[in-house]
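Read the structure below first, then the notes.
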Amino acid sequence: MKKEIKKKSKAACPSSILLPPDHTTMAAAAAGASTSAATVSAISAQIAAGRLFAAIDNLTPSCSSSPIPSSLYASLLRLATHHGSLSAARRITTHFASSASQFNRSSVPTFLFNRAIESLAACGGLADARELFDLMPRRDGGSWNAIIYASSRAGKPTEALSLFADMYSRGVRPNDVTMASVLACCSECLNPCGAQQLHGHISKRDFQSNVILGTALVDVYGKCHLLADARQAFDGISEPNAISWNVIIRRYLLAGMGDMAAEMFFRMVRAGVRPLVYTVSHALLACRDNNALEEGRCMHTFVLRHGYEHHIHVRSSVVDMYAKCGAIDAAQRLFNVAPVKDVIMSTSILSGLASCGRIGDAKRVFDRMQERNLVSWNAMLTGYIRSSDLTGALHLFQQMRKETKELDDVTLGSVLNACTGMLDIRKGEEVHAFAFKCGLLSYPFLKNALVRMYSKCGCLRSAELLLQFEMGERDRYSWNSLISGYERHSMSEAALHALSEMQSEVTPNQSTFSSALAACANIFLLKHGMEIHAYMIRSGYEIDDILQSALIDMYCKCRLFDYGIRIFEAQPSRDVILWNSMILGCAYSGKGEYGLELFDEMQAQGIKADSVTFLGALVSCISEGHVGLGKSYFTLMTEESILPRMEHYECMIELLGKHGHMVELEDFVDHMPFEPPTTMWLRIFDCCREYGNRKLGERAAKCINDSNPQTPVRYEATADYMCSDGGSAEPMSFGNPDEELMSPL
DNA sequence: CTAGGGGATG
């Protein structure tokens, strides 16, 4: 087909469609040959049979001596458009244009030129259309409409707008068709000023009663992110139809204003307009984005009552809404009874299961899927990562590599996230090289995953280089990764410096400030921390639990305990994170007793302590000398199946060692599930020296010496300061073991 | 026009 068009176009098309007819045509005309009625009826028959080229072949030069009816040309052009054949449109146009020039140019009606403009443009010949427009003998409003519409559809919105301006200046009045095309141009070039001007014209000329125009206007404003104007335009439509409602709901959804989208949906229903299938789906997605389970349920009821549940789009959106709003059981029930479970619905349910921690169930859905695509693989991959099953993620990736050739930036970005979580820089670098080989390094998501990986793993230099030289556009995520990397790796000054650099490029968000506040806390930059606090308030940032927690921490560490407690007490409902910060804040502000009171109060309020809460309690016990209490907390913690972390063991050793409970200390060490690391032995050694426990001291010395046989400094548990009665403590004759090693804070 | 993505505090 394509080949045929090409051949014909070569044979029949002069470079200009308006070239004067050649001599044979002239000769034929001079001979006075007349178009027979037979030719006309032959052409009509070919048109009726849809045989475009057969029909055109009747357009011999001879038949130009007496004009073919315009309606026949118009039918031919329509057929050419239908076939999408530019060569045919050209031949037809050339034919009637040349016959016209021979007799009387104005014998061809303007409407036929207009149809030709439309046909040429629709077949991809905008340049031909424009040439015809420029050369045609007379133009009417329809000609302008045709060329403006054509330019707009051919992806030349600015050209269309300047044609519109031209038309306007020549005093040709635009009608609603013109307005609709020009509006489309404004949304194409995101030109809200143009839209506003058109809005003025539309109001002046009372096109307001035209639903199509009004709706187009709503869409333009929406596309330009001017949702208030969009809404105003919508409210100006006297009788919005289902499409108008769809447009405003969709624009609210795309602008991230799910609440408004849902509200408009309910208004639409109340107004008695039956929603389009897509509108129902958009409304459900709005609930999903907004985490609005109740509204989502109402919509589900609506779906069932009004017979939308057979549409797979709607059904998938309901499932997705339930899954994302945390009603995973409802989602799964619907999924189980669904007669058709396509890739999309299965992917929704598996990602829902994975994000509520049911990774096993998610994998079962995944394994049972008849068809998988890239998105479903990626969903499974991120599911493992969200469940912090990082090796699971890597295994899945291996399986994926075996079963499909497909992979994209999301895949590799997720694999990188797994490496980041494992702090496995070697694997991360492998993925980096692999991504380069796949040519995926230009994707911002992937580049940011790389910055994050290098930052978190402590290769700040690599992260800096990426940010400096490899990133075309550095966004908030890139900067946030770098800043939190600096903060985590004791480069707090660099973190704050990066923050100020970042601010000249992009707007920070809550994550940025939480890292920045932590950096201030690390190096006790009270003034800077307060500036950030003030800045967040001034700029209207929502100070969420994590930020409050970071603020409490910063103020407590900077010795403004009262500020910390003020933030804490101002909160009507407190998250466990907030309690944790305050309890720890007490612990290192020398207010351990108060911290322990808070610990009790928190549990009295029914908030479950986590490992950090227990850490705060243990630190308070250390500073207040509550050895028994600390021990009971440690037991309680294991009873509540909270796995003690290294810090908790360090605390217990500090608690027992600092207060001279040497027998219990030895017992504790014996029952630890792992061999203490050298840092811990150093502290134990120190305590043995202070309180006297020769046996344990010797063990400590041996472990320290064995761990580092190269060092010239040897640890020895000698009698003069390790005697069991806790005799005199001589100053140490060797280098001072690192004092801060055992400090858990 | 329905499915996957970036997340910081102690």
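For dT2(B), the base has a donor-acceptor partner in the side chain of Ser316(A) [N/O atoms by modelled type, under 3.5 angstrom]. In terms of polar N and O atoms assigned as donor or acceptor, the side chain of Ser549(A) comes within less than 3.5 Å of the base of dT9(B) in a complementary pairing. Within 3.5 Å, a donor on the side chain of Asn373(A) pairs with an acceptor on the base of dA3(B), or the reverse.
Atoms CG (Asp219(A)) and C1' (dC1(B)) sit 12 Å apart, rounded to a whole Å. Atom NE2 in His300(A) sits roughly 19 Å away from atom P in dT2(B) (whole-Å rounding). The distance between atom CG of Asp475(A) and atom C1' of dG7(B), rounded to the nearest whole Å, is 14 Å. If you take CZ of Phe366(A) and P of dA3(B), they are 18 Å apart, rounded to a whole angstrom. Atom CD of Gln548(A) is separated from atom C1' of dG10(B) by 14 Å (rounded to the nearest Å). The nearest whole Å value for the distance from the CD1 atom in Ile385(A) to the P atom in dG7(B) is 11 Å. The distance between atom CZ of Phe445(A) and atom P of dG6(B), rounded to the nearest whole Å, is 6 Å. Distance CD (Gln510(A)) to P (dG6(B)): 16 Å, rounded to an integer number of Å.
A salt bridge between Asp367(A) and Lys363(A) is present, with a side-chain N of the basic residue lying under 4.0 Å from a carboxylate O of the acidic one.
Pairs passing the salt bridge (charged side-chain N to carboxylate O under 4.0 Å, His left out) check and including a residue from residues 405-425 of chain A, sequence neighbours excluded, read Asp424(A)-Lys427(A). Among residues at least two apart or in separate chains, side-chain hydrogen bond (donor to acceptor under 3.5 Å, both in side chains) pairs with a member in residues 483-494 of chain A are Glu464(A)-Tyr486(A), Glu487(A)-Asn522(A), Ser492(A)-Asn522(A).
Residue contacts shown for Asp575(A) are absent, as no nucleic acid heavy atom lies under 4.0 Å away. Contacts of Lys447(A) with the nucleic acid, taken as non-hydrogen atoms under 4.0 Å apart, are absent. Residue-level contact check: Asp545(A) touches neither bases nor backbone, having no heavy atom under 4.0 Å from any strand. Using a 4.0 Å heavy-atom cutoff across all strands shown, Asp320(A) reaches sugar-phosphate atoms only and no base atom. Using a 4.0 Å heavy-atom criterion, one finds that Lys456(A) contacts the sugar-phosphate atoms exclusively. Within 4.0 Å of Arg452(A), counting heavy atoms only, lie sugar-phosphate atoms of the nucleic acid but no base atom. Backbone-only engagement by Leu285(A) is indicated by non-hydrogen atom pairs under 4.0 Å involving sugar-phosphate atoms exclusively. Counting non-hydrogen atoms under 4.0 angstrom, Arg372(A) reaches nothing in the nucleic acid.
When distances are taken from the side chain of Asn580(A) to each of dG7(B), dG5(B), dG10(B), the shortest belongs to dG10(B). Listed nucleotides dC1(B), dA8(B), dT2(B) differ in distance to Ser515(A); the shortest reach to its side chain belongs to dA8(B). For Ala550(A), the side-chain atoms get nearest to dT9(B) when compared with the rest of dT9(B), dG10(B), dA3(B).
Evaluation of the ring pair (Phe, Tyr, Trp, His ring centres under 6.0 Å) rule for His648(A) yields no partner, not counting sequence neighbours. Residues that satisfy the ring pair (Phe, Tyr, Trp, His ring centres under 6.0 Å) test with Phe397(A), not counting sequence neighbours, are absent from this structure. Residues passing the ring pair (Phe, Tyr, Trp, His ring centres under 6.0 Å) test with His300(A), sequence neighbours excluded: Tyr322(A).
Inspection of the His432(A) and Tyr454(A) side chains reveals an N or O donor paired with an N or O acceptor under 3.5 Å. A donor-acceptor pair shorter than 3.5 Å can be found between the side chains of Ser244(A) and Asn241(A).
Listed by residue number, Tyr477(A), Ser484(A), Glu487(A), Arg488(A) are the residues of residues 477-497 of chain A with a heavy-atom contact under 4.0 Å to DNA chain B. Within a heavy-atom distance below 4.0 Å of DNA chain B, the residues of residues 409-421 of chain A found are Asp409(A), Val410(A), Asn417(A).
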Side-chain donor-acceptor distances from residues 510-520 of chain A under 3.5 Å, at least two apart:
residue	atom	partner	partner atom	Å
Gln510(A)	NE2	Glu542(A)	O	2.6
Thr512(A)	OG1	Asn480(A)	OD1	2.7
Thr512(A)	OG1	Asn509(A)	N	2.9
Thr512(A)	OG1	Asn509(A)	O	3.2
Thr512(A)	OG1	Asn509(A)	OD1	2.9
Ser514(A)	OG	Ser511(A)	O	2.9
Ser515(A)	OG	Ser511(A)	O	3.4

Show me the donor-acceptor pairs, under 3.5 Å and distance only, between side chains in residues 338-345 of chain A and residues at least two apart or in other chains.
residue	atom	partner	partner atom	Å
Lys341(A)	NZ	Phe335(A)	O	3.0
Lys341(A)	NZ	Asn336(A)	O	3.1
Lys341(A)	NZ	Ala338(A)	O	3.0
Asp342(A)	OD1	Ile344(A)	N	3.4
Asp342(A)	OD1	Met345(A)	N	2.9

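For dT2(B), the OP1/OP2 oxygens have no side-chain nitrogen or oxygen of Arg288(A) closer than 4.0 Å.
Cation-pi geometry between Arg250(A) and Tyr278(A) is not met at under 6.0 angstrom from the ring centre and within 45 degrees of the axis.
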